[in-house]
Structures are given as C-alpha cells and as structure tokens.
Chemist: 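This structure is in structure tokens; I'll ask about it shortly.
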Amino acid sequence: MALIAESFWRRLRFTPLSDLFCGQLNGRLDWRFLVAEANLPAEIADTISQVVHKTRLWNGERGDVAQELIAHFQDGLETGRPAKQLAEEFGDVAQAAKLIRRAKRRGRPIWWQTLRAGCWFVGCFFVIYALLAIYMLWERPTLDTDYLAVINRRVDAQIQAEAAWPHYRKAMLALGCRDAQLPKGPLLGSWYQTDIAALLDGITEDIGSSEETNEKDPTLREFLKKHQSQLAELREATIEPRLGFRIGRSYQSEDAELLGTWVDDTPSGEPPELISILLGHVQILSRAGILLVSDAVLAAESGDVQRAYDNLTASLRVVRHVQDEPFLVSGMVSLGTEWTLLDVIEDILRDHPELFSDEQLATLAHRISAIEPPVDSWFESERLWTLDVMQRIYGNSGRVTYKGAIYLSHLAEVVGTIAGRANEQILVGIGLPAINQLVASRDEQLAMHNEIWQQEQTNRSKPLWQLSDQERPGDLLSGSQWKRLKYMPLGLLVPATAAFRMDTERNAGRREGALIGIALELYRREQGGLPETLEQLSPRWLPELPIDRINGGPLEYRTSEAGVVVYSLGTDTDDDQGRPLEGTARYEVGPPSPNDEDIRHDGDWVLWSTLKTIVE
Amino acid sequence: MKIERELMRGAGPTAVLQLLSAGEKYGYELVEALSRQTDGVLAMGQSTLYPMLYNLEAKKLLKSRIDKTGPRPRRYYRLTRKGERKLATDTKQWQAVFAAMRSLGIAPQSPATQTATSGGA
C-alpha cells in the first residue's frame with residue numbers, strides 16, 4: 001500500500017485541483033490509500049472497499065464515504081467488538097452502496113442535476129426518435145391510382161380514325177423532323193422568336209442557344225418553298241377533329257423516329273409516374289404551327305390567297321390540337337402558338353388588307369372567336385399531377401414515408417445537392433421523424449391543395465379590375481418559412497396560376513383585338529372608310545364589342561393616315577395615345593395599378609395595330 | 001423486535017432528527033444511541049444509517065462538518081433550521097398517529113388517560 005502513497009502520478013490523479021493550486025500534492029481523494037492507511041482488519045477493510053468501490057461516485061465523494069466508514073469501524077473496534085461481528089452488522093454491502101450512491105447524487109450541485117436531467121431528456125428524445133424512425137421506415141407509399149391511365153382514358157375513348165396525330169407524324173417526318181427537332185437551320189431560335197418576317201430570312205434573335213446558324217443551312221423561306229407538298233400534307237393533318245396522342249413515359253414504336261427513343265423505367269406493378277411523362281409531341285405541334293403561319297406570310301407576299309388562308313385556318317386547328325392536350329405546359333405552348341398566329345394575321349391585314357375576301361375574313365373571325373382555352377382541363381391534370389406525387393410521398397397513415405422522402409428530396413433537389421446522393425438515403429432515414437414533424441400530413445396537403453384551386457377558380461371568374469393583391473392563390477403557400485416548409489410538396493407542384501392567368505388574359509385581349517381588326521377591315525370595305533368609334537362596329541360587324549380587360553371601361557381607338565390602333569389603357573390606367581410599353585410591346589397585363597410610379601409600366605396595352613411603326 | 005422496512009422508513013429519519021436535536025453527533029454515536037435508547041427497536045445497520053444521513057443532508061435537513069481534532073477525523077451531523085421544522089412537523093404527525101392507534105386500542109393508553117378512565121369507572 002505504501003506504493004500507492006509513493007506513486008507521484010497516483011497522487012497527482014487523486015489530488016483535487018484546488019489543492020494543486022495551493023501547491024499540495026496530497027492525493028487525499030485516493031480512498032484506497034485511506035483504507036490501507038487505516039490498518040483495519042481484513043474483513044472490515046474489505047467491506048469498506050467493496051461498498052466504496054460499488055458506489056461508483058466521484059473520487060471526492062468516495063473519499064468522504066471511505067473516511068466516514070473507517071471512523072465508524074474504528075469506533076466500533078475501540079469498544080472491543082470483534083471485527084467479524086462489526087462487518088456482519090454492517091448489512092448488505094451492495095444495498096448500502098446503492099443507497100449511498102443514490103443519496104450522494106441527490107446532494108450533488110444544481111448544475112450537475114440540470115446536466116443529468118438534460119442528458120436524460122436528450123437520451124430519451126433520441127431513443128423515442130430512433131424508435132419512431134424505425135417504425136416509419138417500414139411504411140411504404142400506397143400507389144393505388146394510375147393517374148396516367150385516368151388522363152389517357154379521354155384519348156382511349158376517341159375514335160382512332162379521327163386522330164390527327166398519325167397525319168402530323170407523317171407530315172413532320174416528311175419535312176425532315178427527327179428527335180422532336182426540325183432540320184438544322186430553318187427554325188433555329190423559333191421556340192422563343194415570334195417575328196416571323198425576320199425568321200423567314202434567317203434572322204434569329206440571340207437566345208443564347210448552343211446551336212449556331214450556318215450560312216449553308218437553308219433559311220426558313222427557302223425551306224418552305226422547297227417543301228410545299230409536305231406543307232400541304234401538314235395542313236391536311238390538322239383537319240382531323242382530335243389529336244389522339246396517347247401520353248406515356250415512353251413513345252409508341254411508330255413515334256420513335258419522330259420523337260426519339262425513351263425507355264419507360266417504371267418498376268413493374270407501379271403506376272407510371274405522371275411527373276415524368278414525355279411531351280415531345282407538343283413541341284412538334286408548336287413547330288408545325290410556326291411553319292404554317294410562316295408559310296401564310298410567304299403566301300401573302302406572293303399573293304397566293306388560298307394558301308395564305310388555308311395556312312391560317314390550319315394554324316388555328318393546330319392551336320386547338322395543342323389546347324386539347326390536358327397539361328398546363330401544353331396550354332402555355334398553345335397560347336404561344338396562338339400569339340404568333342394573331343401577330344401574323346395582324347401583319348397580313350396591315351400589309352395586304354385586300355388579300356382575303358369578306359367571306360374569308362368573316363370565317364377567320366368566327367374561328368378566332370371560337371378559341372376558348374380549356375383552362376379547367378389544364379388545371380384538372382395539374383391536380384392529378386399533384387395527387388400522383390402525393391401518393392408517392394405519403395403512406396396509408398398519412399405520414400411521409402422513407403421512399404416518399406427520397407422522392408421529395410429528388411423533387412426539391414435539396415438533400416442530393418447538399419450532401420451528395422451517397423449520403424442522401426442515410427440523411428433521409430435519420431431525418432424521417434423530423435420531416436414528418438415539419439411537413440404537413442397528406443390530409444393537410446390535400447386540404448390546402450383544394451383551397452388553392454378553389455381560390456384560383458374564384459379568382460379566374462373575376463375580371464382583372466376586381467382582383468386584389470391579397471387574393472393570389474399562391475399567397476396561401478407563402479408567409480413564414482415554417483409554412484413554406486410545411487407545404488413544400490405543394491410549393492414545388494402548384495403552378496404560378498396568377499402568372500398563367502395573365503398569360504390567358506393577354507391572349508384573350510389579343511384575340512379580341514384581332515376580331516376588332518377584322519371587323520374594322522370589313523366595315524372599311526363596306527362603308528368606304530373607318531368608323532369614328534368602335535361602337536359603330538356592333539352588332540353588324542362585331543356581335544359584341546369587347547371591353548378593356550384591365551379596367552372594365554371601353555377600349556380606346558385611334559385612327560390616322562398611318563393606320564389604326566386599338567388599345568387598353570394598361571395597368572397604369574392613363575391614356576398614352578396607344579403607345580405600348582417600352583420594350584415589352586403589348587405585354588403588360590394585370591390588375592389596374594393607377595398609383596404605380598414604375599416607369600416600366602407607363603404605356604398602353606396595344607391589342608390591334610395596323611401602324612407601320614407603333615406610335616411613339 | 002424487528003420493525004418492518006416500510007415502518008422503519010417513516011420512523012428512522014424522525015428518530016435520527018430527534019437524536020440530533022440534542023446536539024451534533026457522528027455516525028457511530030447515532031447507531032449506538034438508536035440501539036440503546038430504543039431498546040434495539042429502531043436499531044439500524046450502518047448500511048441503512050449512512051445513506052439516510054446523506055439523504056437528509058441532500059434535503060438540507062442536516063449539515064455536516066469534519067472534525068479533525070480527535071484521534072481520527074469524524075463527520076459530525078447537526079440539524080439545520082429546516083431540519084428543526086421538519087422534526088416539529090414529524091413529531092406532531094407521529095403524535096397524531098399514536099393518538100389514533102390508542103383510540104383503536106393498538107397503542108397502550110397514556111398513564112394520564114388510564115387514571116382518568118379508571119377514576120370515572
């Protein structure tokens with residue numbers, strides 16, 4: 001035992017810091033040394049050692065207990081009682097150690113008690129969390145509805161003989177289209193460009209395309225001239241009443257040449273994922289529409305009235321076919337194709353006012369007025385889209401499943417971006433209970449989803465001048481970060497309906513402008529001059545006179561030797577004499593904001609203009 | 001006579017507090033006093049006494065100090081104010097328990113009561 005006392009390191013280990021600071025290296029916390037130094041009989045020394053050892057207390061506390069027990073037994077020995085008896089009278093060693101430990105710990109300082117409670121709390125939390133995670137990992141999403149089949153049911157019910165798509169396919173292949181692209185050259189940049197006159201001569205806007213035009217590539221004008229028979233075939237293709245394209249995650253074998261080859265990797269037994277369906281045919285239709293309106297311009301230039309007329313009516317049918325596709329993205333493409341078409345009609349009537357007969361103009365007007373974007377159908381498939389994603393995220397319990405969380409992560413590109421795909425599964429597995437605390441349940445998501453669409457429908461029924469900023473459906477998902485996180489799946493899926501509403505308003509206004517423009521031309525032919533007011537057009541040349549879609553008032557109309565201009569006062573609600581917005585020309589549509597001082601909103605919304613240059 | 005553990009659990013601390021109310025004592029003294037003054041009824045092994053003392057100290061009913069002046073360092077325990085109040089409360093409670101026990105004939109009548117009862121008869 002002397003060795004213990006002599007060991008420097010042991011003394012250092014059992015000396016309290018406070019004593020060390022005072023220069024004492026006493027090792028007074030070494031309870032074994034204390035017991036050994038007391039020279040007690042073996043039975044008693046053993047009893048004390050066992051008790052103190054089993055308490056598993058701090059060294060200081062053990063020292064105190066040892067010292068007290070030593071004193072106790074020494075007092076007992078002094079009374080003459082045998083060591084064996086004293087050791088037996090002590091009682092159960094293990095029980096004593098347990099009670100001493102409990103009592104001593106109860107007397108420890110408050111910081112230790114707090115730390116201990118905190119550790120227990122954290123420990124319990126992690127245990128419960130881990131159990132929850134394990135429980136949640138078992139649940140799988142319930143994929144019980146094939147929403148793609150729901151969408152395709154409409155196509156399946158159609159008579160295949162009336163389907164336009166096989167004709168489009170044949171015509172576009174004949175025009176050299178492959179992998180959803182036209183041959184290089186003729187339509188480079190046309191996806192964004194609406195200036196057909198410029199496009200005809202190969203002048204493309206700089207759109208940052210990785211492709212570049214080559215001088216050897218034919219211009220669109222040359223291309224159209226060379227492919228007249230194929231264009232006639234394309235016009236024929238538009239005649240069928242329905243498009244009849246069956247949507248999927250891969251294309252039919254007969255479409256592979258035109259649209260490319262894609263492999264449907266849907267696991268067997270699972271319904272196909274709606275979010276990754278292929279819509280290459282929409283791009284083909286958009287190209288077809290642009291080719292036809294471009295050829296209409298070419299025909300008008302050469303005085304080929306019938307071909308120009310046939311191209312315009314065929315383009316209108318293309319618009320209708322694109323509209324038939326029940327997706328918001330196809331809706332947007334149809335709006336873009338329609339916009340280009342209306343632009344071309346305006347250009348032709350401005351540059352060749354006498355080209356079409358009265359009857360042709362009246363028919364064009366009838367067909368333009370018949371365009372009615374099926375917004376409900378587009379939004380319905382958006383709704384199905386969301387429901388499909390929901391069934392991939394949530395399980396029967398309404399909680400986010402492990403597989404669903406991975407799916408959500410891919411959708412949001414969150415975890416994969418932050419941690420890399422390798423750690424994604426681990427992170428998602430660990431985070432699953434937390435994700436379920438943060439992200440709303442399936443029922444909550446669906447309730448919010450319904451609320452958003454109901455508000456969207458309400459808003460859609462209101463004219464622009466009755467819309468307030470507080471009523472935008474997307475606002476339901478904005479607010480605090482927690483709310484955004486809670487409804488993250490919806491935030492990722494619900495489209496910007498407010499912006500889309502403005503796109504549909506823009507086209508509707510432009511459509512009304514074209515109807516007024518045609519009515520003005522018919523009036524001029526019959527009356528020998530333009531009317532003094534637009535009211536004179538109705539009802540003979542225009543059954544109903546459109547109103548300003550922004551403020552609900554009458555549309556403005558100005559004539560001069562240079563031409564006519566029909567316009568809305570625009571969002572700034574003041575009359576700028578038909579001057580369009582700087583840079584955006586006709587595009588600013590939205591609820592009236594008379595107090596908006598932003599210079600970018602200063603101007604009118606031009607709906608129809610036959611001016612060679614728009615009024616400055 | 002051996003007292004059941006549950007009964008001892010209630011009586012033991014009060015007995016210890018009562019012994020300390022006379023002045024500070026160290027562990028062995030308390031063991032001896034308990035055994036001697038209660039004819040061994042409330043005698044408790046050291047394996048019970050020391051944890052009890054540590055508990056009472058943790059509850060701030062006792063305070064201890066180490067005395068190094070004697071032949072060996074000894075830890076002396078004394079009552080705190082809180083301990084005194086606790087003893088007073090416990091004493092009242094035990095008196096009430098004994099009164100109740102007496103009225104049920106479990107505990108013997110106090111001499112004063114016995115005299116009054118026999119006089120009345």
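Throughout, protein chains are lettered first and strands after them, A, B, ... in sequence-line order, and every chain is numbered starting at 1.
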Chemist: If the condition is side chain to side chain contact (heavy atoms under 4.5 Å, CB included), which residues does A:Leu131 pass it with, not counting sequence neighbours?
Modeler: A:Val127

Chemist: Counting neighbours of CZ on B:Phe98 that are heavy atoms of other residues, nucleotides or ligands and sit closer than 6.0 Å, is the number greater than 12?
Modeler: no

Chemist: Would you mind checking chain A against chain B for donor-acceptor pairs under 3.5 Å and listing them?
Modeler:
from     : atom 1 : to      : atom 2 : distance (Å)
A:Glu68  : OE1    : B:Tyr54 : OH     : 2.8
A:Glu68  : OE1    : B:Tyr77 : OH     : 3.0
A:Glu68  : OE2    : B:Tyr77 : OH     : 2.7
A:His72  : ND1    : B:Tyr50 : OH     : 2.7
A:His72  : NE2    : B:Gln46 : NE2    : 2.5
A:Gln74  : OE1    : B:Arg72 : NE     : 2.7
A:Asp75  : OD1    : B:Arg72 : NH1    : 2.5
A:Asp75  : OD1    : B:Arg74 : NE     : 3.4
A:Asp75  : OD1    : B:Arg74 : NH2    : 2.4
A:Asp75  : OD2    : B:Arg74 : NE     : 3.0
A:Glu78  : OE2    : B:Arg72 : NH2    : 2.3
A:Arg81  : NH1    : B:Tyr28 : OH     : 3.2
A:Arg81  : NH1    : B:Glu32 : OE2    : 3.3
A:Phe90  : O      : B:Ser47 : N      : 3.0
A:Phe90  : O      : B:Ser47 : OG     : 3.0
A:Arg106 : NH1    : B:Asn55 : OD1    : 2.6

Chemist: Once side chain to side chain contact (heavy atoms under 4.5 Å, CB included) is applied, do any residues pair with A:Ile393, and if so which ones, sequence neighbours excluded?
Modeler: A:Val389, A:Val400, A:Tyr407, A:Leu408, A:Pro489

Chemist: Most heavy-atom pairs under 4.5 angstrom with chain B, which of A:Gly107, A:Ala97, A:Ala96?
Modeler: A:Ala96

Chemist: Can you name the side chain to side chain contact (heavy atoms under 4.5 Å, CB included) partners of A:Trp138, sequence neighbours left out?
Modeler: A:Ile134

Chemist: Please classify the contact between A:Val65 and chain B as side chain, backbone, both or neither, with a heavy-atom cut-off of under 4.5 Å.
Modeler: both

Chemist: Just verifying a value: how many Å separate A:Leu99 CG and B:Leu49 CG, rounded to the nearest 0.5 Å?
Modeler: 11.5 Å

